[in-house]
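Accompanying notes for the structure given below.
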Amino acid sequence: MAIANSIDRFGSVSKTFHWLTALLILSLFPLGLIANAMAYDTSEQLAQKAWLFSLHKTLGVTVFFVAIARITWAISQPKPGLLNADRRIESLAAETVHWLLYGSLVAVPLSGWIHHAATSGFAPIWWPLGQNLPMVPKSEGIAALFGGAHWVLTKVLALSLLLHIAGALKHHVIDKDATLRRMWFGTSDATASRHTQTHVIPIILALTLWATALSVGAVLGAYTPHSDGPRAAALEQVQSDWTVQSGTLSLTVTQFGTEVTGTFEDWTAAISFDETIRNETAGTVDVTIAIGSLKLGSVTDQAMGPDFFDTTLFPTATFTADINPVVDGYEAVGTLTMKGQSIPVTLPFGLSTSGDTANMTGNTTLDRRSFGIGDNMADESSLKFHVTVKVELEATRANTD
């Protein structure tokens, strides 16, 4: 059997690409459906769900590279003519479906890959080249856009695949021609028409169908960030001797060996502080955090659930502490109350002041078990016990005149 194509027959390379792609795609669809439907109530269930998603993503990236190689090879080869080129409408439909398939084989895995790179956490791709993509920042908006596009384009791919299979069966069972046989390994007695489809109409039709599908996705709200969990109510402003002008309150968890960092978008701090005091308590801080404002990548909704932060019953956390000078900076020594548990916490931090402006950076490590978070994950195989909390802020002294 020849390696390269001829005007009548496909070569062994084209056939291998065809059936390898078919095997991958027919594996990916059930993997995605099963992984999405799986529960993650226990550590074992979450680990299994993540394993299936990692397999799905890894095979998806494989499809992308196989599709690129397949298209590159197809461009370099003669294209065997259609066996029914004299049937204009049927030929047009076949060529349109082929364009939909080729385009979808690139667009579907690429959109999923970009979605993966733009978000954080859960189910890494199994390869040594990292989880990020050049020029793709971590962004909830970008993740939502390409996650929605992946969902829409997957439907286009599924429809194209069904039409492709239906067409092949029609040729084999009804027409009894060699369309299907000439794509299988071995020899075939197929003789193609010397007239190959070169019209741009199938390309235009395929582009129109993609545009229509993506537009329907927009109408359905597929590209907007969303969450199934409760939304955090906005916290009211607090009176404070120091006003926070900018700052970040973040936490970092380790899931399946990968660090995932999230930030709280809504929190307040009432600060009383005198930087001239060095031998006794220099001030106090009273922090309130809207837990539902946490953005933790792809596991945000999971984190809001009853097994973790349980924001329905415990929408806020508070940290009340004294600010004590130490040799190399300061410590905020107080109590963190979260999910109904109050635990002593010490937050070391560095501080620099310039006139009426102060900048601080501090971090501490908490044990999630102290607050009953992730009790259904009794070991660290899927989620580590220790969580790193980091605070960075700039504050200005309130005008007392």
Is it true that a side-chain atom of Thr263 and a backbone atom of Glu265 form a donor plus acceptor pair closer than 3.5 Å?
no
Please report the shortest heavy-atom distance between Ala358 and Trp242, naming the atom on each side.
CB-CZ3, 3.6 Å
Test your reading of the model: is there a side-chain donor-acceptor pair from Lys138 to the backbone of Thr119, 3.5 Å cut-off?
yes
Mark yes or no for whether Lys295, through its side chain, and Glu140, through its backbone, hold a donor-acceptor pair below 3.5 Å.
no
Partner residues of Thr357 under the side-chain hydrogen bond (donor to acceptor under 3.5 Å, both in side chains) criterion, sequence neighbours left out
none
With rounding to the nearest 0.5 Å, note down the distance linking CE in Met183 to CZ in Phe10.
4.0 Å
Under 3.5 Å: donor-acceptor pair, side chain of Thr58, backbone of Trp126
yes
Main-chain N/O of Thr346 paired to Thr364 side chain as donor or acceptor, under 3.5 Å:
yes
For the student: nearest non-hydrogen atoms of Ala4 and Trp73, plus distance
CA-CZ2, 4.2 Å
Under 3.5 Å, is there a donor-acceptor pair between the side chain of Glu380 and the main chain of Phe385?
yes
For the residue pair Val61 and Trp113, what are the closest heavy atoms and their distance?
CG2-CD2, 4.1 Å
Is there a donor-acceptor pair under 3.5 Å between the side chain of Arg368 and the backbone N or O of Leu383?
yes
Main-chain N/O of Ala35 paired with Lys49 side-chain donor or acceptor, under 3.5 Å:
yes
Are the side chain of Lys57 and the backbone of His116 linked by a donor-acceptor contact shorter than 3.5 Å?
no
Just say parallel, tilted or perpendicular for the rings of His18 and His164, cut-offs at 30° and 60°.
tilted
Which heavy atom of Leu235 sits nearest a heavy atom of Ala290, and at what distance?
CD1-N, 3.7 Å
List for me each residue that meets side-chain hydrogen bond (donor to acceptor under 3.5 Å, both in side chains) alongside Asp310, sequence neighbours excluded, and say none if there are none.
none
Assess Arg9 against Phe185: is NZ or CZ under 6.0 Å from the centre of the six-membered ring, and within 45 degrees of the ring's axis?
no
Using side-chain hydrogen bond (donor to acceptor under 3.5 Å, both in side chains) as the criterion, list what pairs up with His150, not counting sequence neighbours.
Ser111
side-chain contact (heavy atoms from CB on, under 4.5 Å) test vs Thr284 passes for just one of Thr320, Ile323, Ile271, Asp322, namely Asp322
Exercise: identify the closest heavy-atom pair between Asn5 and Gly11:
OD1-N, 2.8 Å
